[in-house]
Amino acid sequence: MIKKASTHINQNEGLIFERSRPGKVGYRLPELDVEAVPVESLIEARHLRDDKLAGLPEVSEVDVVRHFTRISTWNYAVDLGMYPLGSCTMKYNPKLNERVSRFEGFVSSHPYTPDELSQGNLELLRDPELSLAEITGLAAVSLQPAAGAQGEMTGLMTIRKCLESRGDARKYVIIPDSAHGTNPASAAICGYQVKTIKSGPDGSVDLDNLRAVVDSDVAALMLTNPSTLGMFEEKIEEICRIVHEAGGLVYMDGANMNALVGVTRPGDMGVDVIHLNLHKTFSTPHGGGGPGAGPIAVTKELEPFLPFPRVIEETAANGSRKLRLDYDRPHSVGRVRAFHGNFSVLVRALCYIVTLGPDGLREATETAVLNANYIAHHLKDDYEIAYAGKPLHEVVFTDKRQQAYGVHTLDIAKRLIDYGFHPMTVYFPLIVPGAIMIEPTESEGREEIDLFIDALKSIAREARETPELVKMAPHNTRIGRLDEATAARRPILRWKPAVSTAGAAG
Amino acid sequence: MIKKASTHINQNEGLIFERSRPGKVGYRLPELDVEAVPVESLIEARHLRDDKLAGLPEVSEVDVVRHFTRISTWNYAVDLGMYPLGSCTMKYNPKLNERVSRFEGFVSSHPYTPDELSQGNLELLRDPELSLAEITGLAAVSLQPAAGAQGEMTGLMTIRKCLESRGDARKYVIIPDSAHGTNPASAAICGYQVKTIKSGPDGSVDLDNLRAVVDSDVAALMLTNPSTLGMFEEKIEEICRIVHEAGGLVYMDGANMNALVGVTRPGDMGVDVIHLNLHKTFSTPHGGGGPGAGPIAVTKELEPFLPFPRVIEETAANGSRKLRLDYDRPHSVGRVRAFHGNFSVLVRALCYIVTLGPDGLREATETAVLNANYIAHHLKDDYEIAYAGKPLHEVVFTDKRQQAYGVHTLDIAKRLIDYGFHPMTVYFPLIVPGAIMIEPTESEGREEIDLFIDALKSIAREARETPELVKMAPHNTRIGRLDEATAARRPILRWKPAVSTAGAAG
Amino acid sequence: MRYIPNSPSERELMLREMGLKSVDELFRGIPANLQLKRPLQIPAALSESDTLGYFRKMAEKNETPTTGRKMASFLGAGAYNHFIPTVIDTLISRSEFYTSYTPYQPEISQGTLQAIFEFQTMICDLTGMDVSNASLYDGSTATAEAVLMAERVTGRTKVAIAGNLHPEYIEVVDTYIKNAGISKVILPFDGQNGTLRLDSLADIGADIGAVIVQSPNFFGGIEELQKIADATHRIGALFVVVVSEAMSLGLLQSPGRAGADIVCGETQSFGIPLSFGGSYCGFFATREKFQRQIPGRLVGMAHDDQGRSGFVLTLATREQHIRREKATSNICTNQGLYALMSTVYLSTMGRAGLREAAEQNLQKAHYAARLISGIAGYKLRFGASFFNEFVISAPRPATEVLERLREQDIIGGLELSRFFGGRNSGMENEILVCVTETTTRQDIDRLVSALAVIGS
Amino acid sequence: MRYIPNSPSERELMLREMGLKSVDELFRGIPANLQLKRPLQIPAALSESDTLGYFRKMAEKNETPTTGRKMASFLGAGAYNHFIPTVIDTLISRSEFYTSYTPYQPEISQGTLQAIFEFQTMICDLTGMDVSNASLYDGSTATAEAVLMAERVTGRTKVAIAGNLHPEYIEVVDTYIKNAGISKVILPFDGQNGTLRLDSLADIGADIGAVIVQSPNFFGGIEELQKIADATHRIGALFVVVVSEAMSLGLLQSPGRAGADIVCGETQSFGIPLSFGGSYCGFFATREKFQRQIPGRLVGMAHDDQGRSGFVLTLATREQHIRREKATSNICTNQGLYALMSTVYLSTMGRAGLREAAEQNLQKAHYAARLISGIAGYKLRFGASFFNEFVISAPRPATEVLERLREQDIIGGLELSRFFGGRNSGMENEILVCVTETTTRQDIDRLVSALAVIGS
Ligand SMILES: Cc1ncc(COP(=O)(O)O)c(C=O)c1O
Ligand SMILES: Cc1ncc(COP(=O)(O)O)c(C=O)c1O
C-alpha cells in the first residue's frame, strides 16, 4: 500500500511558443529618454537582423507566470520529499541562504567595481576561503571553479604546474575504476593519460594494484574519499605515502565530503588538493542542474599555482585594513572562468557555514551517516549489498536478487516514483552491476526514511509477486517511460512550428 | 476528452502536529544578551502558564518547509489557471505588487512612527485616495476598512451620521433580493432594518417596487451595480433620484467595479457612497480568504463623517510640504479598525494603479467585459441564461436544463474540477435557482476561455449521456466530495492527539 | 498591457464572433450620458523599472530600525517588532496559497483548509479555549465582535470595558456598538498599578453582558484574570479577555485557564511584519457551547465516501451568505494568508522557541525597566508586574523627551498624552516603552544614557 | 540544529536499532589517528537574525547603482546592467525548480526538461544555429569549449583568436588549451577601428582549426563576420563567434546568418543579475552536423508508449559519465537555473521587448558617445560602428579620470590599461564605456559634464 503519495489533478501546458500570438506583450520599458536616431544611420544595414526575431514568443506576463508555474508542478523537489540520489547529496536548501544571496547590495554590484567600492563582496570571497581551509585542513583555497568538474580540472592543473616547477609534468593520472566520469574527463583536459586501477574486493583501492602502476611518470592519484561506494579509504595515509614517495601528488574528489566535515580532514590524511561541491556538502541548491561551485583547497606548496585573482588584505598608510583583488600571480595556472567565480553560490554556502558553525556542521555529518547506515541496516535483507564494509553517508545495493524475476534497477527506480519518492542513483558506480546507490543526507527524518524503507521493501515484494507492476512503472505520473532510444536516434533538440502539440501531454 | 489537465503524483501529508517530536527545533534566536533573572521573581507564579505549551509542535525547519509546500500543492490557484468565480474577480496578482509591498522600508515601519519619520508611508496612504476618488467620481476616500463588508458598514455609518446631522437617522435600508449577504448583515450592524425588494423580471431594480417602499423612514438604498447578475442598472439615475427625493442616500456595493473602471463613474450616477474591493478590482491577492481592503469613496457632503485619522498635507513654516495624520475629526463615524487599514494591501493596489494608468485600467475593464460576453455567447445553447440582458463582466446561467437528468449546479461545479478548472460561483445570487455564475476577468486569454467553454459544453453533454459521471465528480482529485452534513452536525474544529491520521489522505 | 493575455487581434476576432463591431457595443447597457468620455485623470502608466523606482523612493522616505537612519525603536502598544523567520515569507509566497480564493471547493483547496485547521488548533491551545475561528480583520475588530457576540449570547445590551484596554480598540468597539443598541461603561484602572480596579467590579450591575479586559493591558501590566472572571461570572456575564501582545501567551497563564469565555486579539506578534499597522490578523476563540455563535469562518474535519479525511468550511449557517442580516457577523473576506503566516511562525518557533522568545522579551524588558527607573528623575509609573511593556514617568513632557531622543536616532516609545490627554490626565510625562527579543542590549543602553542626559 | 528533522531521541533509537552505542561507532571506518579530536576552528553558529545582520552589513559595504551612494555606473565589459523583470525571480523561486536535481528521471522532471528545451530553441533562434546545449558555466568557458570542439572536429591543433576578444576569455582559453596540445595565434585588431584586421586573415595557415572572433568585440565594435567567415572557411577552419553581450542579438544579424559554425557566449544580459560576476550562464550553439560533438547536456523530445510527448536528456554518449576521458567535455553540473532565468526573460520580453530593449541600448550609447566626443580633449578611440559600448580617449590617464569621477558617485567605465597595459600599449588614457537601457539620460549628462570639468 502506498502511504506517501496520491494522484491529484495537474495542469497540462504546451511550449511557451504555442502561447505566442502577434501583439501580446509581457513587459513595459521606460520611454526612450534621448532623441531616437534612425538605426540604419548608426549601424550598417548588413549588420542588422533580417528575421525580425521571429522565433521569440509574444506572450503576456500572465502567460509567462502560468506557463512556468504549471510546468514546475511536474517536477519532484527536495522541498517535496526525500531525494535519495547517491553521490548528489540532495540536502535541504535553507531559505535564509536564498534570501541573503538576493540582497540588493550583492546582486546589483558589477564584477569590475573598484575594490574600494566592493569591500563587502571581497570579504564574502575571503571568509569562505578561511572556513573551507580549516574544514579541509589545507593551506589555501580558490573559489573560482564553477563546479566540481572544473574544480578537478583546476586542481590537476595546480598539480601539473607544481610538477613542472619541479622539472617534470609527468604523463599519467591514476584513477580507480569506481570514480565519477568527470575525473578521467578532467584529467584528459589537463593533458594527462588516465591509468585506471581496479578496485579491491572490498571496493577500496587495492594497494598492490596501486604500487604496480605508481612510478616516476605518474603525476597524481585521483581518489574519491569516501569512495563512490560510500566507504572511507582506510589506508588513505598509506596510499598518499606511496604516491608521494614516487614523487606524485594526491588529488581528492571531495564530492562526498558530507560524510567527513568536522570528523576528519583531507589535509591531515596527506591529500594535496581537494575540490568541494558547495551544491552538495554546503547546501546550495542544485537548481535542476546548476549552478554549483567547486572550490579547491590545496597545500602550502601548491598555493602559488592557484587561479588568479586572489583576495588579499592590505594595511593602508592610515592603518586601515582593506581587501583587494591581486592579479599579479606569476605562477598561477591562470584563470578558469571570467570574473570571480559563482559569487551568488558562494554567498549561500557561506551563509550555511555561519548558520551551522562547528557543532552544526559536525552534527550534520553525523546525522547524514546515521541515516545512511540506518537504511543499509533495514534493507540488507531485501537487496544485495554491493560491497560489505562500513558505509558512511551513502550505501550501494545491486539488483542481483530482483533480476531473478526480470526486474532491474531501472524498474525499481521507476516504481519508487509511484511510492512518492525520487529514485536513487542508478548504475553508478560503474563497477557495481545494476547499482542502487542511496544517499539520504541529514535532511531526512526518521519517518520519511522509514517510508522509504517500506517502499523499497514493498517493491522487493512486488518484484517477486507482481514483477510486471514494477517493470511497467511508473503508473501515477502524467507521462510514462519515454522512448529514449528513438530520441537519441532521431534527435529533436528544438521546437519548430510543426511540432505543435509538444509537451501538452494528457 | 479532457484537454487541460492530467493526474500526477502528489505528496500526502499529515497535520503539522503529527510531525512533532520532543526536542526538534526549527529556530535559532540570538543568545540572551542581558543577565537572566528567575522568571518567578518577575511574574507571580499564578500568572505563569502551567501547560508547558504542550499543544505546540516541535519540528525542524525542514519539516515546516516540507509540510506547507506539500499541502500547498493540494490547492488550485490563479497562477495555475482560470478561476471563474463570479463576483470574486479572481484576476492575475502581479508579482511586481508583491515585490514592492515587501520593501524593508515598508514592512519594518511601526504604525506609531512619528509622522516626520514615515512620510513615505503617508504618501502611499494619500496617493491611492486621490486615484480612487477620480476612478469613482467621488470627493473623498477612506482607506481604513479592512474588506468590502467593513466598507459597507463604514459607508452606511457615514450615511447614518449624515442623516443624524440632518436630524433623523431613519429606520430602513432597502436592499434588492439579489444582493450579497454582507449587505444586509452590514446594515444590521448599523442598526438599520432591512427592507428587501424583489428584483424585476429582468433582474434589475423594479422602480415600482422601489417607489412602493421608499419613504421618509428609508435611510438608504444599497445597490450593487452592475448587479450580481452582471448587468448594469440602466435606470440608476432615476433610482438615485427616487431615493434622494425621499431624503435617503444611495450606497453602491462596488464589488463589481471591474466592469466599470474607466468607463463610467458611480459619482456621476448619483451614488453617495461606494466601497471598492481592492482584492478584486485592483488585483491584490485573495490569499485563500484574505486579507483584502474595502476603501469607501463618498460625496463632499459625507466627507466629514469618514473614519479618522485622515492624511492631510500641511505647509511648514519653511514652506516645505509635509503629510500628517489628522485625528481631530469631530464628525467622524469613528474608527473601524486599529491603526491605518491594511497598508500592505493598499501598497499593492497602488502599484497596480500606477502600473496600468488610465489606459491600462480601461483596457482591463473592456477585456473583462469582452471575455464574459464571449462566454455568454458560446454557452447560451447549452445552459439556461438566468436573465436575458446585457451582461458586463460576468454572466449567470442556471442548471434548469441539466436538472432534467438529475444533474445540478454543484455536480457541474465538481465536474469542472476534473477538467482542470476551478468551479464557477454556485447558487449565488439567491434569486437564481441553481445559479451558475461565471466571471472570467481580463486575465484570461482566448485559449483558456475556449478550453473552459469546451469543458462546460462537454459537461452538458455528459449530463445528458452519462449523468452519473457528473454526479460522482470530481474523479481526478486526491480526495472526493466530503460529507459536509456530518461535519456540521458533529463539528471537529481542532486537532486532538487522538485523531492522528487526519489529513494524510490517500 | 502586459497583464492581458488576449492579443488585440484575438479581441477583434472574439468581437466579430459575437457579431459586434467595437468594444463600445459591449457597454450599450450603460446609458450614454453616464459613459466617461475622457480618460481617467490619474498618472500615466509607469514602466516596471520606474514603478520600482517610485516605491523605492517612498520606502527611503521612511526611517525604520533596519533602513535609513536605523532607528532604535521602543514602540509597541499593539504592534510589536518580533523576529520573523525567513521561511514564513518563502512559504506564503507559494502562489498556491496567496493566489487562491476562500476554500469553498474543498477538493482543490485542502492546502488552505488544513492550514486553517492547524491555525484554529494552535489558537485553542494558546488561549486555553475549545474553538477558534479562521481569523478576523484585526485585534480591535475581534474585540468588537466579542462584544456583539456577548450581546447575542446574554441578551444584555450593556458591556463593561476596562479603561486600560488599547484606546484604539475601545474606539473601534464604540463604532461597532454605537448603532447596535449596546452601551458601555468604562471600568477604571488603578492609579498605582495601572491594572483594573477590582473594587469597580463589585458594584457592576446584573445588566452587564460582558466584562472586557486586556492582559497584558495597554500599559503592559498583567491583570488578575482569575479574580475578574469570578466577579464577572457572578453576575452571569461573559468574560472577554483581549490579547494584543500574543507573544505573552508564550509565558503567561492561558486566559482559558483563568476563566475566560471569549479570548480574542491580534496575532501580529506571530510572524507578521509591522507594515505600518496592516495587514494584521485578528483571532477569536471561545467555549464549545458558544461555537454556533462565533463570528467568521470555521474549518472542520470531514470524510469522503472512501473514508479519506479532509477539511471543509463548516457551520456556515452562522454566516452572512446564508443568514444575511441575522448572521453572527458581516465579515466575509478575513485575513487568511496572515493566519497562515502565524501558523508557519508557531510551527517554526514551536514549543521551545515561543517560550524562549517570550522569556527574552520578559528579561530584556525588565533589564531596561531596572536601568531606566534607576535614572534620576525617571520612575516606573505603575507597579503591576509586566511582560515586555511598561510605562515610565519622565522629568519632562513625554513629547519633548521623545523628540530629543529622535535626534539621536531613537524612537523612545509612545507618549501616553496622545490617548490620555483629557479625561485621565496626569499622563503628560508618561511614555509607554516596549522591549522585545529584537531589542539589543546596546540599544537599551543607548536609550538609558540618552534619557539620563535629557533628564538632567 | 534546525535543519535536522531527526530529534536527538530518534537518533538514539536509530542507533540502538542498529545495535550501536554511540554515533562515533559509525565512523569506525576512519582510522582513529585521522579523526579530528577538536571542534573546527570556524566562527560559532549565528542565530538567524544575526546571520541576516552580518550579510546586511556586508551588502552595505558595497556601493552600487541602487544601494549606498547609488553610483551611476558605466561598466560593461562582459557583464551588463540590464532591466530584469520581477517575474523571473518569482518563478525560479518555485522550489520545484531550484531544489530539484539534474533531470535524469524524466517522469518527474518534465518541468525542468521542457524549460531547457525552450532555452535551446530560443538560443538557436537568436544565434541562427541548429542546435544549442543546455548551458555551460559562462561565456569564457563556452569559448574554451568551442576551441576544444574545433580541435575535435578538424583535428587541427592551432587556433587563431582575435586580439579584441574579451581578455579574460582569452585567459580562460589559454588555461584550457595549455595542456591540451593546442596552440593559439592572436589576430591583431585595427588601430583605427578596433575591429579585426581582415588582412591578418589573408595569410593564416591551413593548420588553423578555428578562427575565434567576438562581436560586438571587447571594445564594443561590430565585426565584419561575413568576410571573416569566408576567409575562415577558405582554409577549412571552423568559424567561432563569441557573443558576450547577448542583448546585441536583439538588433544585430545572427552570427549563423553570417556563416558561423559555432556561436557561444554569455546569457547574463538576459535576466541574470550582475552579482559581482556570477552565477552567469554560458550558451553554446552549432550546426546540426556537429551535434554529436557538442559539449554539455542536450534535451530532446521523446514519447511514451501512449504517444504522450515529453522531454529527456539525450545524446548522453558524448558525456563524461559515459564516455569518461573521451567525453566531449568534463562538464557535469552546469548553470541550469540560470538558463531558466534567461528563458523566462526571453519569454517575458519576447519578440517586441528584446528589440525595444536592444534599440534603447543602441540609441542611448550613441547619445552618450556623441556628447562625450564633443567635449574638448575627448574623442572616440575607434571608428567601427558599435552597439552599447565604446572606447573614449581621455586627456589624462584613465585611472585618474575614473578616480575623479568616483568622487562624484560615478563609475565611469573600465580603464583599458588594466588589460592592454603591456604588449598593446597606447591605452593609458582609454576608457571602455557602456550604456544600457537602464542608464538614464540624467546619468549620461552627469557623466558628460563631469568629464568636461576633469578634462579642462
Ligand atoms: C563523485 C563526484 N565527483 C565529481 C562530480 C562532479 O561535480 P559537478 O557536477 O559539480 O561538476 C560529482 C557530481 O555529480 C560527483 O558525484
Ligand atoms: C457583491 C459583493 N459584495 C460584497 C462582498 C464582500 O466583500 P469582502 O469579502 O471583501 O468583505 C463581496 C465579496 O465576496 C461581493 O461579491
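All figures in this text were calculated on a predicted structure; none of them were measured in a lab.
No donor-acceptor contact under 3.5 angstrom links the side chains of A:Glu442 and A:Thr367, judged on distance only.
Both the backbone and the side chain of A:Leu356 come within less than 4.5 Å of a heavy atom of chain D. With a 4.5 angstrom heavy-atom cutoff, D:Phe83 touches chain A only via side-chain atoms. Heavy atoms of D:Ala77 lying under 4.5 Å from chain A belong to its backbone as well as its side chain. If you measure heavy-atom distances from D:Gln105 to chain A, the contacts under 4.5 Å come from both the backbone and the side chain. The part of D:His321 that comes within reach of chain A is its backbone (N, CA, C, O), which places non-hydrogen atoms under 4.5 angstrom from that chain. With a 4.5 angstrom heavy-atom cutoff, D:Leu34 touches chain A via backbone and side-chain atoms both. Contacts between D:Leu402 and chain A at a heavy-atom distance below 4.5 Å are absent for every atom of the residue. Residue D:Lys178 touches chain A through its side chain alone, counting heavy-atom pairs closer than 4.5 Å. Only the side chain of D:Tyr367 comes within less than 4.5 Å of a heavy atom in chain A; its backbone stays farther off. There is no contact between D:Arg323 and chain A, counting heavy-atom distances below 4.5 Å. Interface remark: D:Ala134 contributes no atoms to any contact with chain A (heavy atom separation under 4.5 Å). Interface residue D:Thr314: only side-chain heavy atoms are found under 4.5 Å from chain A. For D:Arg94, the part sitting under 4.5 Å from any heavy atom of chain A is the side chain, from C-beta outward, and nothing else. With a 4.5 Å cut-off on non-hydrogen atoms, D:Thr90 does not touch chain A at all.
For the options A:Ser344, A:Gly389, A:Gly191, A:Gly334, heavy-atom pairs under 4.5 Å to chain D are most numerous at A:Ser344. Between chain D and the options A:Asp51, A:Leu124, A:Thr69, A:Val347, heavy-atom pairs under 4.5 Å are most frequent for A:Leu124. Contact count against chain A (heavy-atom pairs under 4.5 Å) is highest for D:Glu48 among D:Gln35, D:Glu48, D:Glu10. Per-residue counts of heavy-atom pairs under 4.5 Å with chain D were compared for A:Thr486, A:Thr182, A:Val65, A:Leu361; the largest is that of A:Thr182.
Looking at A:Asp50, its side chain never comes within 3.5 Å of a backbone N or O of D:Gln253 through a donor-acceptor pair.
Residues passing the side chain to side chain donor-acceptor pair (under 3.5 Å) test with A:Glu366, sequence neighbours excluded: A:Arg362. Applying the ring-ring contact (aromatic ring centres under 6.0 Å, His included) test to A:His47 and every residue at least two apart in sequence or in another chain returns nothing.
Between A:Arg49 and D:Ser254 there is a side-chain heavy-atom pair separated by less than 4.5 Å.
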